[in-house]
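Before any comments, here is the structure.
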Amino acid sequence: MIAADRVDYPALEHEIQRWWDENGVLQRYVHRNDQSDKQYSFLDGPMTANNPMGVHHAWGRTYKDLFQRFKTMQGYRQRYQNGFDCQGLWVEVNVEQELGLKNKREIEEFGIARFVELCKERVFRFARRITEQSIRLGYWMDWGNDYYTLSDENNYTIWHFLKRCYERGLIYKGHDVMTWCPRCGTGISNMETLSEDWHEVSHLSLYVLFPLIERPGEFLLVWTTTPWTLAANVAAAVHPELTYVKVEQDGQIFYLAEERLNLLRELRGRDKGEYRVLERLKGEQLVGWSYRGPFDELPAAQGVSHRVIPWKEVSASEGTGIVHIAPGCGREDFALSKEFDLAVLAPVDEFGIYVEGYGWLTGQSVSAVARPVAENLAQKGLLYRSQNYRHRYPVCWRCKTELIFRLVDEWYISMEQLRYEIMEVARQVTWIPAFGLERELDWLRNMDDWMISKKRYWGLALPIYECQQCGTFEVIGSKEELRERAVEGWEEFEGHSPHRPWIDAVKIRCRQCGALVSRIKDVGNPWLDAGIVPFSTLDYRHNRDYWRQWFPADFVTESFPGQFKNWFYALLVMSTVLEGTTPFKTLLGYATVLDEDGEIMHKSKGNAIDFDDAAERVGADTMRWLYTSQDPEQNLRFPRIPSREDVERAVREGVPVRLSEKWMLVRRALDKVWNIYWFFVTYANIDGFDPTRYQLAVERRSDLDRWILSELQQTILEVTASLERYDSAHATESLQNFIEHLSNWYLRRSRERIWKSELDDDKLGAYLTLYECLTTLVTLLAPFVPFFSESLYQNLVRSVQQEAPLSVHLCDWPQARQELIDEALVQDTHLVMRVVGLGRAAREKAQIRVRQPLNTLYVRLPSQADQEAVLRLKDQVLEELNIKRLELLSDDSEMLAYTLRAQARVLGPKYGPLVQKILAMLKGLDAHAASEAARQLREQGVLKLTIEGREITLTPDEVEVIATARPGYVTAEERGAVVVLETTITPELREEGLIRDLTHYIQDMRKRANLKIEDHIQLTLCADEELAAMVQRHAAELQEETLADSLRVETTPIAEPLPGELYRETLSPTSPRKLEGYTVQVIIAASPSSAAIH
RNA sequence: GGGCUAUUAGCUCAGGUGGUUAGAGCGCAGUCCUGAUAAGACUGAGGUCCCUGGUUCGAGUCCAGGAUGGCCCA
């Protein structure tokens, strides 16, 4: 066994990875449970193969890996299939950028076939990259057996799904106003627009005057934030019940809502004067008035009439209370056009360019016309005022272009009925956190029909064939069906994937009218691709038995922001339609990765952290420990990683990169494990101890050993139970607690045992116990920190047991041994720790350091059982506190005082209002009265009080007696536990303390002399007469502690070097380290018995 | 605009069904311990439990109103 005293995590991880590769460990892991009759079905949510992994992806992938590894170690057979999401606009946009293409027209000029091929290439390129990064994270999947949503199988399974929807009559073509990206040239549904895609932007808003036809010289005052839509205006809406006013200002007469009069004051600048209200009237009185449109002179507006309509959604909180209506440019507007039979003007094409018929606007982009429109209106005398207006406005989630509203034809799956079926299915799932169900149901209740089409190139070819002649459409459900129906173009398509442009060569004949029918040009919504995977990856179409074996998945996990309306939603929709049941049993959702300051990570903000940088600077295991320790409901703040300069400096100096405090905290538990491990290995090597060659029954081991073994069993139980319910944060907490106990108490208390020279039962027990704790701990840690645990396992286990499993990841999950759990011993040991804590506090108050021995510690605990336990384990207390005797304080000890505390909880219901009086009385007792009361309660079992003439009898469970220390003694206390320190330092005690100080200094000098722990020395001390005498009296223990083969004590300093001298130092009253007023020269020389000295 | 949720120490957060002295971790200050430790222990400072009102013998906890933030949906 070997071990370094410090870990370089990234270096360790690379070394372990190499070893795994060389030994084919991953393959063995994947096939370890092939013959098992238990199985566990994990379904991977496909990661988009369009960019490298960020640290936020690593969070989810760590969960996926953790739970699969846990199940593997428990013996479950699994599929370990990783998935890549491949199709969709996100890939197209990046390929466009790579090619320098600016819009769809340029893509078509470039060639759809070439473009689609490049999209595929990009996907495969990033799939490879992500695979490498995942492996770096220690993510163990059946690499090479991944699924890709671009696969024929995935696409045809979606066809199958759509066919089923079609058969149920759920698919329809909608003609509606959609949010539309003029750059991408496609509709963007609200499903795709995340909250962060609403940007704060400034737009030129216009207050426009619409001239009323029947009332010459009078106008409607209308406000709009989208001047480009004015050319499509056909109506003005008022709230029928709202009050409007007719106003005169600067010789102009116009109408607006009364509530908005303050607007006139706000807008009053140098160019606007005072106003007068001429008349008040109800909105409904305005309804039916006609007016001239602001762009009536344009050809497109010819024959369009404009009038005032009623609309209850009109609000008087913004604008003028009169709303400009352009049915071709707004969702609600379009709905109103149906209700009031309004003309519909669709002024722009798919790129947001005005079409023919709009005069000087034709050919211009909507994004460029705000100011020209304002100027044009001003010339016509129709502009009241223009004003910059800041508001939140949706942008394209992919290219961040501002969206517009545009009238288009898109394809939908109706959710009218389906949503209720899906809600039932959603209830079958165990949602973690539990609020996930409510979120999903909320989305299901409120969502619109699912828009599945996109007017793009790289994606699922929607198998919808719409007859241009008779207007009917059909959905094709499989490749075979298409072949059957194909009347031309099959040869051209054959051999290609079912993508544009190849698929579009195939034509079928209309069942209704016999016309030749093409596929619609649209591709599918990418969430169809990801939602079908519980079917497509399990060979649903060809092998139902296999599918049934793995469906539904036991577990899925993804980040929940967004996924309620994306993946989770798509999964539920598709499975509901196909099978009427849930595709997954348990869902673990987790929050968002933020930067150290709690800000969202953005490449553009410069606070995003590359996965590769993080892995190389802090280590994959460190990151995994951070992720698995995190409460998944809370956003995770990812600490800053060391800079490039920090790394370069570390490389120059040949040491591991120094991490920030935050990272050190994250990794503290792992570093502690390493330290324990290093301690064990160091001493086992010195002793030549081989753990496989010894045995010692647990009953014959010490209290300390049996205690930590009991803690270990409980830790196994807790970690197992936590992981079973997908609660990794609780699992890591249990592990951390155990590690603390092992490090801070067990090892601390065992040092002496291991340090002593002979291998007796006690030392053997310590070794065997520590070894078992370490090896079990390492196995428990394996799914969390696979590299770190493997490294320790190889060294601790494989180096001495050739028959042990090759890798820790091939080991069985530890089983708790119930017979080793000793609840009482655990409690008692925790009590001892508490008493020791109090002892330390008392020492601090007395300002007596622990190295100074003291004679007596008096202890008083609330219960008899506790007192007995402390007596039984008193050696641990005394050793730890460096005190010679422990005695219990009797109830009537003069060192004790008492306070009484009423149990309001018990007394309240019994005495009602009187409770406050009882409380006050007990609180007000002086020390003497309190002691008397405590005695009465102790001796008579009751306490009698008189309050307001009423006799009250309190029982022991109604009043708590708390022992405290009487002033004048050095004590510490906590909830009725009291320790009192006997602080007299006799000459003997003082001498012992001095020797201990001296021993400590000599140990430190050994370290400075670069001696190994096991090196022996020859020690020479030249001291004052008095100190020399003390040293002589304690020579034996001093020699034993410092491994001094010889001890020479002089009373005069030695100037000349001694033979083999390694180190010398003089302690004096003026040196930094001192022994009270004494002076002593310490000289350390090599001992002939020590073989190697450096 | 509607719904959900939160507000407790400098920071991050715990605090079933009301019980009088509100906790943890981190940070800060100090002391100690250390031949495993980039560790650890102890002590201390630090709180009008967002505000106002109510119910109650008693409210961080229950009720009402308000303020501020977050998320979701419009």
Side-chain angles (χ1 to χ4, degrees), chain A residues 3 5-7 190 193-195 313 315 317-318 331-332 435 438-440 442-443 445-448 560-562 564-565 591-592 597-598 631 633-635 637 655-656 658-659 661-669 671-683 733 736 740 743-745 747-748 750-751 754-755 770 833 836-845 847-852 880-882 899 901-920 922-923 962 972 975 999-1000 1002-1008 1011-1015 1041-1043:
Chain A
D5 61 349
R6 277 189 192 178
V7 211
N190 63 346
T193 306
L194 299 171
S195 300
E313 298 299 308
S315 150
S317 62
E318 226 178 17
R331 203 120 202 215
E332 295 96 340
F435 69 71
E438 272 314 310
R439 279 274 184 92
E440 190 63 50
D442 188 54
W443 165 251
R445 261 190 296 272
N446 294 308
M447 76 201 164
D448 299 324
F560 52 59
F564 291 104
K565 52 182 183 178
T592 305
D597 305 319
D631 172 0
E633 270 186 66
Q634 306 286 337
N635 290 335
R637 293 192 183 193
V655 296
R658 192 144 190 122
L659 300 184
E661 284 300 315
K662 286 204 163 62
W663 279 113
M664 288 312 298
L665 265 167
V666 168
R667 203 162 68 193
R668 188 162 61 177
D671 285 334
K672 277 191 193 176
V673 174
W674 185 272
N675 290 330
I676 300 164
Y677 158 77
W678 188 69
F679 175 91
F680 176 82
V681 169
T682 303
Y683 284 96
E733 198 189 320
Q736 308 228 35
E740 297 263 318
S743 172
N744 294 350
W745 194 258
L747 198 60
R748 212 180 141 76
S750 294
R751 250 185 336 228
I754 285 177
W755 184 227
L770 186 55
M833 293 178 188
V836 167
L838 290 172
R840 287 211 189 94
R843 269 188 175 273
E844 165 129 5
K845 275 189 200 162
Q847 290 290 301
I848 301 173
R849 63 200 197 287
V850 177
R851 240 182 276 140
Q852 173 61 59
E880 194 63 24
L881 290 173
N882 195 18
T899 58
R901 200 167 119 186
Q903 301 294 298
R905 185 173 215 148
V906 186
L907 293 173
K910 192 164 166 186
Y911 293 103
L914 210 55
V915 162
Q916 298 305 327
K917 300 263 164 40
I918 300 174
L919 292 176
L922 291 180
K923 214 180 243 177
I962 300 168
R975 278 172 296 161
T999 310
H1000 170 61
I1002 295 170
Q1003 298 289 37
D1004 195 58
M1005 292 176 202
R1006 284 177 51 105
K1007 229 193 249 182
R1008 290 177 191 219
L1011 283 158
K1012 282 206 220 162
I1013 293 168
E1014 68 271 26
D1015 287 337
E1041 287 290 322
T1042 59
L1043 293 183

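Convention: sequence-line order gives letters A, B, ...; per-chain numbering from 1. Computed from heavy atoms alone, side chains included, the values below leave out hydrogens, waters and symmetry copies. None of the values given here were measured: they were computed from a predicted structure.
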**OP:** Taking only the side-chain heavy atoms of Arg668(A) (C-beta and beyond), determine which of A39(B), U34(B), A36(B) contains the nearest atom.
**Re:** A39(B)
**OP:** Please work out if Tyr683(A) contacts a base, only the sugar-phosphate, or nothing of the nucleic acid, heavy-atom cut-off 4.0 Å.
**Re:** sugar-phosphate
Original post:
Got a minute to check which stems RNA chain B is part of, using Watson-Crick or G-U wobble pairs under 3.5 Å, three or more consecutive?
Top reply: B:1-7 with B:67-73, B:10-13 with B:23-26, B:28-32 with B:40-44, B:50-54 with B:62-66
Original post:
Looking only at atom C1', what distance separates C42(B) and C4(B), rounded to whole Å?
Top reply: 45 Å
Original post:
U12(B) phosphate, OP1 or OP2: any side-chain N/O from Arg637(A) under 4.0 angstrom?
Top reply: yes
Original post:
If we take the P atom in both A29(B) and G69(B), what is their distance in whole Å?
Top reply: 34 Å
Subject >> Short side-chain N/O contact to A36(B) OP1/OP2 from Tyr677(A), under 4.0 Å >> reply: no
Original post:
Quick one: is C32(B) close enough that its OP1 or OP2 comes under 4.0 Å of any side-chain N or O from Arg843(A)?
Top reply: no
Original post:
Are Arg445(A) and C72(B) close enough that a side-chain N or O sits under 4.0 Å from OP1 or OP2?
Top reply: no
Original post:
Under 3.5 Å, is there a donor-acceptor pair between the side chain of Arg840(A) and the main chain of Leu881(A)?
Top reply: no
**OP:** Using only heavy-atom distances, decide whether a donor-acceptor pair under 3.5 angstrom links the side-chain of Ser743(A) to the base of A36(B).
**Re:** yes
Check nucleotides 58-60 of chain B against the protein and report each pair of N or O atoms closer than 3.5 Å, with its distance, or say if there are none.
| residue | atom | partner | partner atom | Å |
| --- | --- | --- | --- | --- |
| G58(B) | O4' | Gln916(A) | NE2 | 3.2 |

Subject >> Length of the line joining Arg751(A):CZ and A36(B):P, which is rounded to integer Å >> reply: 5 Å
Original post:
Between Lys565(A) and C73(B), is there a side-chain N or O to OP1/OP2 distance below 4.0 Å?
Top reply: yes
**OP:** Would you indicate, yes or no, if U12(B) has its OP1 or OP2 atom less than 4.0 angstrom from a side-chain nitrogen or oxygen of Gln634(A)?
**Re:** no
